Structure formats: structure tokens, C-alpha cells
Undergrad: 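Dropping the structure in here first, questions after.
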Amino acid sequence: MNTDEVISFAKRRGFFWQTAEIYGGLSGIYDYGHIGTLLKRNFENIWLSFFVNINENYYLIDCSNILPERSLISSGHTAHFNDMIVSCSKCHAHFRADQLISDKKIEVSEGADSSTIDEIIKKYKIVCTVCKSPLSMAKPFNLMFDLYLGPEKSDKAYLRPETAQDVYLNFAREFNILRKKLPAGLAIIGKAYRNEISPRQGLYRLRELIQAELQIFFNPDSWDVDYKNVADRPLTILFYNSDETECIPVKNLIEEHAIPSFYAYHLAIIDIFYKEVLKIPDDKFRFHEKGGDEKAFYNRIHMDIEVDIESLGGFREVGGVHYRGDYDLTSHAKGSMQDLSVSVGDKKIIPHVLELSFGVDRTLWMLLDLFYKKEEERTILKIPGYLSPYNAAILPLQNDLNGESEKIFRRLNPLFRVFYDTGGSIGRRYARMDEIGTPFCITVDYETVDKQSSNYNTVTVRYRDDKKQIRIPTTDIADFIRKNIVFNPSIFMPYTLPSDE
RNA sequence: GCGGAUGUAGUGUAGUCUGGUUAUCACUCAGGCUUGCCAAGCCUGAAACUCGGGUUCAAAUCCCGACGUCCGCACCA
């Protein structure tokens, strides 16, 4: 698959396409159609039940996309997301002004405005490092979208560049309501906005993107994570400054690589999520440690979650595991002049943060890329059944069976996502369902309605992946779907959880 | 943002160089016939020149601009 094939499939089958496409579209901004929305919500719900519902002190919150300027000054985003850029007047190469200037060992304050920078460039005769031509005037380059609120448009705000900031801003209140227990987790699934210069490759680099993030607040002195259930689980990691991936058990990562247990443990949880829940093949998944310039300055440990995505040309980032220390709460405490410390025994501490961050759009792209399979006579989206847009399809073998099949459909429709189709031949209907990943087709045939038949009041269930059929009583359909479709995180989790079974 | 390429039904395309019939073909989709389990067949139908300006008797075709897409560069705290 290449990007065009993924996009064409997505458009044809109702997954996603560009926003306002009748006006020519908007670069880096996409809409999800009805099939894509079902897939996205299934993914989000599974993510939630896997990462959030598994700890009684982790919760989902839902916050504004608009944040006041002051909060993003404190977080460092205005300084680091708003760079002054100069470009070469001749070869159009772009440079970050602060880098050019500090390369000349000249001091410049971080918030220097364009005229200050122009003066410095003129005074020290700084030219293009590529072709030595004169440089243009400095222009601010904003990766954040700014907004001006109120009738006079006097209050400056931004669309949030990451959902994480909302969590930090809500931490103090939530921590109190949650009765002051650590570790505490706050998750957000929501939109974030970045004014990317060059959004490309479908859903990979977007200007409006969906993040699913869990911020875990903990006491760095005493977070004893019991990792014995995952101690031997091998993790594939590409370490910083290394060319080769290594396969290393969790316990060795902790003992030999000085990775804290809380961090290694969550790598294992994520590894389970991708390989066992999302069914990513082992050789297409890895963690990639970032260091040096690739790592944000506040991250103490930073590993990207990478999946080998053919249409994007190899391993690409779909998420990240960031040990952010106390950077965020400390910055906001300082900027807001609020005390964001918490009491642990007779000590006051600023909790540390472990951030588990997932790009939802990228994940959906990845699923289409990885699971869209062309076989000899058909195409199948082989995603796990609990992710499928539809749980099942109800089909009459022939259209004179519509009465009975429609009755079954109406009974199941309030309980599940089921699709009813009478158009074309039975084979064509199976093919339609295969292509959007519907795991089961339930077919009403003449025996279903034949009182003389031993198969009276039974239907056939046809499996998507191997086309095999079984026969089950009509009254068992709901149970069958429930058993095969409903996502139960406890079967994957290394925690001891009460089982539903 | 720069440079190059490019934009035709829902999807993929022919036609563009060299302006001139009712814009090609396939799949898809809808209706019908047929069909007793895997995209079958037959009939009928719907459906497109990205947008705006210009040149011309005449523009999908040539020119300019906008928007989108792709590749490279740059960017991606």
C-alpha cells in the first residue's frame, strides 16, 4: 500500500477525507466519515478501558481546546513554539534566528522581537550559511494557532498544542476531589492543534489532530511498581545513538539499563496493547529512545512508540512514553503563583509525571495500512473484531427472506452495531463487509424459516477471515456477538482483575 | 515556505503535447430480471473536466492566479 491507495480506500468506504473538500480542502485538516467515526470510537473506547479503567485512581476528563496565553507562557510553549525565522533572500533556506545568532556566540534573550533580531543580524553581518547571501527580515513562526477573545479581541489565547497542558491545569482540583491519592491518572482524548509548515502523508502530519493521553502523577520516591508479571516480557527497543534494535526483557531493562521500574512497566503495558490488543505483528513494533536534540528538554526519559507502516515508508512514530519529571507542575505553580505541591506524610512534594501519549489519527491510518489485505478474489480489512465499525451484518440469502432477516436486524440493532443489506448477490454483500472489516455475517436462509427443517430458527454465521460457516439458533445471536466482539481488557492485563466470566 | 510535477464521475483512468462531434473505459452505486452461500450474468439508469480570470469563432486542452495533492529541500519545542 502507498499513501494514495490508503486515501482512496478511506474515501471510497467512508473512513476519512479532507475537510471542506467541495471547496478544495484544507491542508492537514481531515473529517471522519461514518465508518471512520465508528472505527475511531471503538479504538478510543478500547484505549480507555485498557489504559484508564484498569486503575481505580485513573480518570478521563474533557477540557477546553482554548487556553489562555499565560498558561502557555508558563509551560514554555510560547518560547519554544514561537521561533523567529529568517530566510535567505536568494536560496530561500530557512533558519531559526536564535540558532544563527548563538552560533556566532552572541547573546540574545529568548523573547527577542523581530526588530532586535534584525539589528543584531545587521550589526554582526550575519549571512546565509548556505550561499552567503543577505538574509530577509525576521518573522515570527508560530507553531501554535493564536486567538483573540472578546469584543475588542484583547485577550490572547491559543488552541492547545497538546492535550497534556489541560491535565496539568486541572491537576490540583482533581487531586483534591480524588482524595489526594498517588499515583493519580488523568486522561484526555481530544484535539490538539499545530500549524505545521508542511502537513503531508494523509493522517500522519495534521494541523488538527486527536491525541489520547494519560498523565500519571506519582511520588518519585515511592512508586513501587510490581512488575513481576511482565519481568520476562521481551521489549524491542532502538536505543539512542544505536543502529540496531535490541530485544530485552523488562527486568534487564530495569537492572542493566537503569530504566526505572515504573517506566519499564508501562512500556510492557504498551507493548501488550499494540501486540495483543491491536494485533500488530512483533516485527513491526518497537520503542525508539530519543536523546540529545531529538528529546524535548524537559523529558528525562523519552521513547517513541514506532510501528512499521508501509505506506509511510517504514517505522514511524505513533505515540510516546515521556517521563516529564516535575517540569509541568513546577512551571505552572510558578506561572500561576498557586501551590501545586501535595503532602506525602509530613513532606511536601511536586508529583512527577509519566505521560503515555498516543496519536489517534496516526493509529487509525496504521490500522488501515496494516490490516487491509488484498487476497486473490477479495479484499479484507483484517482488524480485530472489537475494532470493526460494524459488529456483524444481517443478510437474507434471497430477498424473499427479507421479512425474517429484518426482524432479526431490528432486534439486534439497539444492542450492537449491525448492518442490514439486501442489495446485490449474497457474495457481493459478503465482499462489502469484508472490505470494512465486519467480522461476522449472519445469513437467514430457507431453513431458518422452514418449520419442517431440523435447522428451523437457526442462522449461519460466516467468519470474515476464513469464510467458514457455523449454524447457531436465532435466539443465540446476541450472545454470540457479545462473546466474540466485546472487548475485555482483563484477559490481556498483567494486573489481577476480577473477571467478567 | 521554496523548487519541480500534478489535478477528468464515488474510485481508478483515456483524452491535454498538436484547442474543434454527445468527454473514453473499468470497477462502484441505484432500479429491474435472474440467482438457494462468496464481488457471476443480462437490461436500464445515475455520475466528472478543482475554482476564478484571460486568449480564441471555439478551452478538459493554451496563459495567469488561487486552492489541493505528490516528490525534494527546509520545518517538525
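Chain letters run A, B, ... following the sequence lines, proteins first, then strands; residues in each count from 1. Please read these numbers as outputs of a predicted model, since none were measured by experiment.
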Undergrad: Round to a whole Å and report the spacing from CG of A/Asp445 to C1' of B/C38.
TA: 14 Å

Undergrad: Only one of A/His288, A/Arg316, A/Lys290 passes side-chain hydrogen bond (donor to acceptor under 3.5 Å, both in side chains) with A/Asp304; say which it is.
TA: A/Lys290

Undergrad: For B/A23 and B/G4, measure between their P atoms and round to the nearest Å.
TA: 35 Å

Undergrad: Are side-chain N/O atoms of A/Glu208 and A/Tyr30 paired as donor and acceptor at under 3.5 Å?
TA: no

Undergrad: With rounding to the closest Å, how many angstrom separate the C1' atoms on B/U34 and B/C71?
TA: 50 Å

Undergrad: Using the P atom in both, what is the distance from B/C25 to B/A48, to the nearest Å?
TA: 15 Å

Undergrad: At less than 4.0 Å, is any side-chain N or O atom of A/Lys11 found next to OP1 or OP2 of B/G10? Yes or no.
TA: no

Undergrad: Go through the steps for A/Thr458 and A/Arg471 under the test side-chain hydrogen bond (donor to acceptor under 3.5 Å, both in side chains), then give the verdict.
TA: CA-CA 6 Å; A/Thr458 64; A/Arg471 216 165 172 104; 2.6 Å; yes

Undergrad: Taking only the side-chain nitrogens and oxygens of A/Arg432, find out if one of them lies under 4.0 Å from OP1 or OP2 of B/C29.
TA: yes

Undergrad: Establish whether the base of B/C38 is bridged to the side chain of A/Arg378 by a donor-acceptor pair shorter than 3.5 Å.
TA: no

Undergrad: What I want to check is whether an N or O donor and acceptor connect the side chain of A/Arg13 with the base of B/G10 at under 3.5 Å.
TA: no

Undergrad: Applying a 4.0 Å non-hydrogen cut-off, can you work out what A/Glu162 is touching in the nucleic acid: base, sugar-phosphate, or nothing?
TA: base

Undergrad: In this structure, are over 12 heavy atoms from other groups packed under 6.0 Å from A/Tyr456 atom OH?
TA: yes

Undergrad: With rounding to the closest Å, how many angstrom separate the C1' atoms on B/G19 and B/A26?
TA: 28 Å

Undergrad: Just compare B/A39, B/C37, B/G1 and give me whichever is closest to any side-chain atom of A/Gln469.
TA: B/C37

Undergrad: Has A/His266 got a side-chain atom pairing as donor or acceptor with A/Phe262's backbone, closer than 3.5 angstrom?
TA: yes

Undergrad: Suppose we define a pair by two distances each less than 3.5 Å, Watson-Crick or G-U wobble; what does B/G45 pair with here?
TA: B/C29

Undergrad: Of all the nucleotides listed (B/G72, B/G68, B/C37), which has the minimum atom distance to the side chain of A/Leu397?
TA: B/C37

Undergrad: Can you find a donor-acceptor N/O pair under 3.5 angstrom joining the side chain of A/Thr460 to the base of B/C37?
TA: yes

Undergrad: Just to confirm, is there a sub-4.0 Å distance from OP1 or OP2 of B/C38 to any side-chain nitrogen or oxygen of A/Ser425?
TA: no

Undergrad: Kindly check if the number of other-residue, nucleotide or ligand heavy atoms within 6.0 Å of CZ (A/Arg41) is above 12?
TA: no

Undergrad: Quote, to the nearest angstrom, the C1' distance that separates B/U28 from B/U22.
TA: 24 Å

Undergrad: Considering every strand and a 4.0 Å limit on heavy-atom distances, what is the contact class for A/Ser27: base, sugar-phosphate, or nothing?
TA: sugar-phosphate

Undergrad: For atom P, what is the distance between B/U6 and B/C62, given to the nearest Å?
TA: 10 Å

Undergrad: Which part of the nucleic acid, if any, lies within reach of A/Glu21 when heavy atoms closer than 4.0 Å are counted: base, sugar-phosphate only, or nothing?
TA: nothing

Undergrad: Quick one: label A/Arg194 by what it contacts on the DNA or RNA (base, sugar-phosphate, nothing), any heavy atom closer than 4.0 Å.
TA: nothing

Undergrad: Is there a side-chain contact between A/Arg428 and the phosphate of B/A40, meaning an N or O under 4.0 Å from OP1 or OP2?
TA: yes

Undergrad: Heavy atoms under 4.0 Å, any strand shown: does A/Ser8 hit a base, just sugar-phosphate, or nothing?
TA: sugar-phosphate

Undergrad: Measuring only the P atom in each nucleotide, how far is B/A30 from B/U21? A whole number of Å is fine.
TA: 34 Å

Undergrad: Using the C1' atom in both, what is the distance from B/C27 to B/A74, to the nearest Å?
TA: 41 Å

